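Every value quoted in this text rests on a predicted model; they were computed, and no experiment measured them. Below, chains carry the letters A, B, ... as their sequence lines are ordered, and counting in each starts from 1. In what follows, every heavy atom counts, from backbone to side chain, and hydrogens, waters and symmetry copies are set aside.
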Amino acid sequence: MYRYDEFDDALVRDRVQRFRGQVERRISGALTEDEFKPLRLQNGLYLQLHAYMLRVAIPYGTLNSRQMRQLAMIAERWDRGYGHFTTRQNIQFNWPKLTDTAAILDALADVGMHAIQTSGNCIRNVTADHFAGAAADEIEDPRPTAELLRQWSTDHPEFAFLPRKFKIAVTGSPNDRAVTKAHDIGLRMIRNEAEEPGYEVIVGGGLGRTPMVGKVVRAFLPKSDLLAYVEAILRVYNLEGRRDNKYKARIKILLHETGLEQFSAAVEREFDDLKAVQGGPSVAVDPQELARIEAYFSAPAFEVLDEADETFETALAADGTFRAWSKQNLAEHRQPGYAIATISLKAIGEVPGDATADQMRLIADISEQFGHDELRISHEQNIVLPHVRKRDLPAVFALLQTAGLATANLGLISDIIACPGMDYCALATARSIPIAQDIARHFADPTYAQTIGEMKIKISGCINACGHHHVAHIGILGLDRRGVENYQITLGGDHTETLAIGERAGPGFGAEEVVPAIQRLIDAYLTLRNGPKETFLMVYRRIGAEPFKKALYPDSGSTAPNPPAPSSDVISFSGTAG
Amino acid sequence: MSNIFKPKIVSANDLFDGDVVYMDGDGNWSRQIAEAAMASAPNAAEALLARADQPAKVVGPYLLDVTVDDNGIQPEHFRERFRETGSTLNAKFARLNRSSPLEESAVTQGNR
Ligand code: SF4
């Protein structure tokens, strides 16, 4: 794992010190709120409905046990004993006091963490595949690339005031777990025909008000050209991106309005200029620096083991709950005898993504004892133990059971993404968490959930789409319809390498009508599928939306008409789930 | 469209802990909506808002529509009702310094 060097540490400490002074000046009246607000946002501090919220960056979702324990300590000492893991692989504390925030940032700096660039129109925390360095299908570990981008983008003076926020995601696997096609820049690590390593560069994806699937701007970019090319994209965006209308300010709109060909040509021109004029170390990837970074991410000292393990097999045969958890929550590791274990933060009826301080500490202990001291936060709001010996899994499972962390629902209907919504977020038009809780409770029966099989439900509390509802098999968007919470359903979205934006099904539902509506969709799916291997998404792709719309709106005779665009008059501009 | 004036109160977030506060008749800030000063006419509302400009104590004061019934002052919009009761998720998220119990959420009351 990457460790901060003196430069990183000095930078973070300096920022904390400056922020401490800024808070003092806000309190003394030397700074107005208008002056203070951009400063606090630059340090991750938002003001929500009921309290401040501090968003802490977890670079590419990777952390160690010491960092996790520190998060637990912060939750207990300065918050209300829990934290919320987000779809951007970050953690948010929902109740810090203004006067405590500098102390919290200091405590974060003690373990090489911070809240820099978790807000504002800058390059945000870079995200990556949460199975990085462990997945059996991985071509190359994306974390060194993500770390290189973190270093390059941190406090980058040219890109501190972009037209809008800017999000980069990296995957090193053909199976895209980092949603690269829904980011401003998505990088897929690939090999060309000569087996040389490089990237497929995808630009202009995004969710929110105008969801768009990213487009391939460069089919193969040699690894050494990464920073120059990304810098070229950012330069084109910084100059040409719209600043007159914040709803049209993301790079996806620029690319859409310019056209792929013209946009790519502009990037290539800028790239050539950068290489010709400043081809020095300022933008070229320094091989020595890259090697230094890569060394931090070298694989742990894995034991040479057989793929099958007797302790594991015996436990599987003896214990049905362990069997169910293993079937659902384990993924294939590249090293024989090891597995990737995902800890579900979606216990039935709990808040998706929340973990208490006790749970965080237990997870830290487990990772230290059984998991090479590594943890990952997934964009689906779960926690991953990337390297666990199969032999140790029964012991890990037993520990998780003691803390309500052994729910065997990964990828099933109750493994729901939900943004904070109107229980926290000042931009929300409706609540999202209670909807997720009700759906999870309704489908709590594990046998029934298994029968339904893979199902991605994602819920956002406003059009900003922090809950990724556009790319859900069943997406739910909470809106305010004339002073009442109303939920719009989308169908057929997909967050993987075959990314697709879900189609709006029809008129929205009242809060209490959502669970019955989901039940009707599930009933229709179970009737329509050609056997249990055909997932909801496969059926949707085979037969289209119509049969599902009929199920959703049984009283409408034929298909429900497409409703007019939402008339919600609550206009929001900056998500707070991530 | 009716032009009937809806009664208004001023709310904001406390500068120090961000909690929801309401301005009372003395220009002080209370965590209890029952103590909020209410304006029944446009000029009174404007005067309330002008008085609420107290950056040393609060952030973002604004006017919100309320009704008054037997239970006292009630915010009109559900967003303001959630601000008043606190996060609807669990008693542990209820607003501090409040004595009244949390309403159970409409959603969680249904469908179970
Ligand atoms: S801004 Fe994001 S977190 Fe807030 S309600 Fe909207 S989608 Fe949810």
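Across all their heavy atoms, Y52(A) and L15(B) have their closest contact at OH-O, 2.5 Å.
Near-neighbour residues of residues 49-62 of chain B relative to chain A, defined by a heavy atom under 4.5 Å from a heavy atom of that chain, comprise P55(B), V58(B), V59(B). Scanning residues 38-46 of chain B against chain A with a 4.5 Å non-hydrogen threshold yields no residues.
Residues satisfying the salt bridge (Lys or Arg N to Asp or Glu O under 4.0 Å) test with E80(B), not counting sequence neighbours, are R83(B). For F509(A), the ring pair (Phe, Tyr, Trp, His ring centres under 6.0 Å) criterion is met by Y553(A), not counting sequence neighbours.
Between chain B and the residues V23(A), V484(A), N94(A), T99(A), the most heavy-atom pairs under 4.5 angstrom are made by V484(A). Put simply, of T32(A), D423(A), L98(A), the one with the most heavy-atom pairs under 4.5 Å next to chain B is D423(A).
Comment: R40(A) engages E33(A) in a salt bridge, judged by a side-chain N to carboxylate O separation of less than 4.0 angstrom. Note on R520(A) versus D523(A): no salt bridge recorded, every NZ/NE/NH1/NH2 to OD/OE distance being 4.0 Å or above.
Between the side chains of N13(B) and H50(A), not a single donor N or O lies within less than 3.5 Å of an accepting N or O. No side-chain donor from either of S30(B) and D24(B) sits under 3.5 Å from a side-chain acceptor of the other. Using modelled atom types, one finds a donor on one side chain and an acceptor on the other under 3.5 Å when comparing Y82(A) with W95(A). With 3.5 Å as the limit, one finds a donor-acceptor pair spanning the side chains of Y46(A) and S119(A).
In this structure, chain B has a heavy atom under 4.5 Å from the side chain of L47(A), while its backbone stays farther away.
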Inset, instruction - Report the C-alpha separation of R77(A) and D100(A) in whole Å, then their side-chain angles, then the decisive distance to 0.1 Å, and conclude whether the salt bridge (charged side-chain N to carboxylate O under 4.0 Å, His left out) test is met. - result: CA-CA 10 Å; R77(A) 178 157 175 205; D100(A) 290 336; over 6 Å; no
Inset, instruction - Kindly determine whether D106(A) and R20(A) satisfy salt bridge (charged side-chain N to carboxylate O under 4.0 Å, His left out), including the steps that lead there. - result: CA-CA 10 Å; D106(A) 255 335; R20(A) 178 170 277 117; 2.9 Å; yes
